[in-house]
Amino acid sequence: MKTVTDITWEQLSGASIPAFTFDDGDFSYNLYFQAPQVSADSIAEIQATLTFDDGSVATDTVQVLIKNINIDSDAYFVDDSGSNPETVTSHMLAYRPNSPYAAALDACVYNNELTSSCTFAQLPLIGQQTESPTIDDILDRTYVSHPWMGEAFEQFLQTSNSSDDLLQMLRATSAVVISYDIRPSFYWAVTGAIYLDANNFWRSPEERDTINTQPDYRSGFGSDLDFSIFWRYVKDAAYYYPQTGLAASARATRTQQGVDAALTWLMYHELAHANDFFDYTTWSSLSNSNTPLNYVNNNAPLSTGLENTLPLTSSELHALAQVRYGGDDANSTQRAYSAGQVANWFASDGAVTFYSYYTEREDFANLVERFMMLYRMDASADVAIFSGDAVDDGSYDVTWGQRDRINDSNLQLRVDYAVSRVLPELDIPAIQAAMPTPTLFPADSTWFNTVDLDNEESVQLTGDEKKAIIEAQEKLEERLF
């Protein structure tokens, strides 16, 4: 089998592309560029030349369509701070073309001319229309860049154990937007919609090929800190999420169970955000003439109440989260913090994960997500703190780690506060009493030999598989807001 030793890229024809940007490495399998503004739809032809270890050469070309689209420089989704405006895809469409909300989806949720928040008369929250939404109600509000994304979402809602919860939580939204160019996933109160990275939906390598692979802009944040914090979901003494064996180069097919694992935690998280801003007590009182933006500007979200009554207390971790997730520069004191110091602050406080310290909104959403994943999906969350950077072979020594922290005594009241306000039909204290108690990782353990806490040799992964898992771990919280 031949090995690629070099790749070069060249534009052969078409509207001039300003510059190519490559991913990290000696050579790149991925090409990123800023499409130029054009006065008419244009085709750019790009050629890749591959050199192999036996000296042979192969070439391939691709044609890229560059569209002339209408752009408002003041639009919400347009960033014109650089030499070329950053825009969103113009290929969006209602998954259900005959949906009564198709025109409103086009106008109100994801385009390059949206400059104001639509009224609830134009696009109401689902909870304003029905107390018991069906899957069809949700699909009528689904907006996609590729039809397969809507098909995968429909299949997920029909098969997942989380479906009944999510149908109830979706009442706080106006729309579900799924696109190849959304990264990270997020909820936005201005539109009332959730925006989901299509990477969580693909089932085949051909579907995966349509997704933008450009790294999240936050990828390098906090790289000079001398500790790392990872989390994962484990079920039946095996990796649940992130999943093994799904490197893009393997051209793997993902099972429905795999899609479920990739998507459920994200849905719980983003819908917790939506219910934070628009909880079930508000839907019947919203005026059709009001807008989501005007409402949230005049009403405090639930997470503010959580922060006021049961706050996280570590000022050090709050500041470090602004470095890791907000892009602040680390000062000399922060760069000198050891994993042991960070572990002491974290273990005694009430956060379920480091990301909870970024904003009170993320704190709230993380509590709901982790609780529901353990309760409904029987998936335990691990969180662990390490010294320095991850190593390629995955032999990453744990400074401190814990499974099922969501049921830690420091968190139980905070969990009850958040989850009971999102899904009030649940008896949170009774559920907590039946949940597993948190388990600390053994001393001298590693990230990989703690997947099965009763058998440290249970997970057998190659070096490349371990490296892929580590890379996925580093990007988990870059995939959502």
Does atom [atom1] of [X] have more than 12 heavy-atom neighbours from other groups under 6.0 Å away?
X: Q257; atom1: CD; result: no
X: E131; atom1: CD; result: no
X: N297; atom1: CG; result: yes

Heavy atoms, side chains only, cut-off 4.5 Å: are [X] and [Y] in contact?
X: I182; Y: L196; result: no
X: Y180; Y: W202; result: no
X: T291; Y: F120; result: no
X: M372; Y: L426; result: yes
X: I138; Y: F153; result: yes
X: E151; Y: F201; result: no
X: K235; Y: S380; result: no

For this session: Please step through side-chain hydrogen bond (donor to acceptor under 3.5 Å, both in side chains) for the pair R403 and T439, ending with a clear verdict.
Result: CA-CA 5 Å; R403 177 164 296 169; T439 304; over 6 Å; no
Is it the case that the side chain of [X] and the backbone of [Y] share a donor-acceptor pair, with hydrogens and angles ignored and the cut-off at 3.5 Å?
X: Q256; Y: T159; value: no
X: S174; Y: P124; value: no
X: N294; Y: N290; value: no
X: N275; Y: L271; value: yes
X: T304; Y: A300; value: no
X: S445; Y: F441; value: no
X: T264; Y: A261; value: no

Exercise. How far does CG of L170 sit from CG of D137, to the nearest 0.5 angstrom?
Worked result: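 Spacing of CG (L170) from CG (D137) equals 10.5 Å.
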Problem set entry | Reported CG-to-CG distance for the pair D363 and L306, which is rounded to 0.5 angstrom |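 It comes to 5.0 Å.
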Considering all heavy atoms of both residues, which atom of [X] and which atom of [Y] are nearest to each other, and what is their separation?
X: Q243; Y: G258; value: NE2-O, 2.8 Å
X: I178; Y: M92; value: O-CE, 3.9 Å
X: F386; Y: D397; value: CD2-O, 3.3 Å
X: W447; Y: V398; value: N-CG2, 3.7 Å
X: Y375; Y: I431; value: CD1-CG2, 3.5 Å

For this session: Measure from the ring center of Y337 to the ring center of W345 and say whether it is less than 6.0 Å.
Result: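 Yes, ring centres under 6.0 Å apart.
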Exercise. Which one of L320, V383, V342 satisfies the side chain to side chain contact (heavy atoms under 4.5 Å, CB included) criterion with F354?
Worked result: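 It is L320, the one option of L320, V383, V342 that forms the side chain to side chain contact (heavy atoms under 4.5 Å, CB included) with F354.
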For this session: Cation-pi check, R324 to Y355: give yes when NZ or CZ is under 6.0 Å from the six-membered ring centre and within 45° of the ring axis, no otherwise.
Result: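 Checked: cation-pi criterion not met.
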Exercise. Are R203 and W148 in a cation-pi contact, defined as NZ or CZ under 6.0 Å from the six-membered ring centre and within 45° of the axis?
Worked result: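 Relative to the ring axis of W148, which defines the angle, R203 lies outside at least one limit.
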Do [X] and [Y] sit within salt-bridge range, that is, some charged N less than 4.0 Å from a carboxylate O?
X: R414; Y: D408; value: no
X: D382; Y: R405; value: no
X: R96; Y: D136; value: yes
X: R376; Y: D165; value: yes
X: R421; Y: D279; value: no

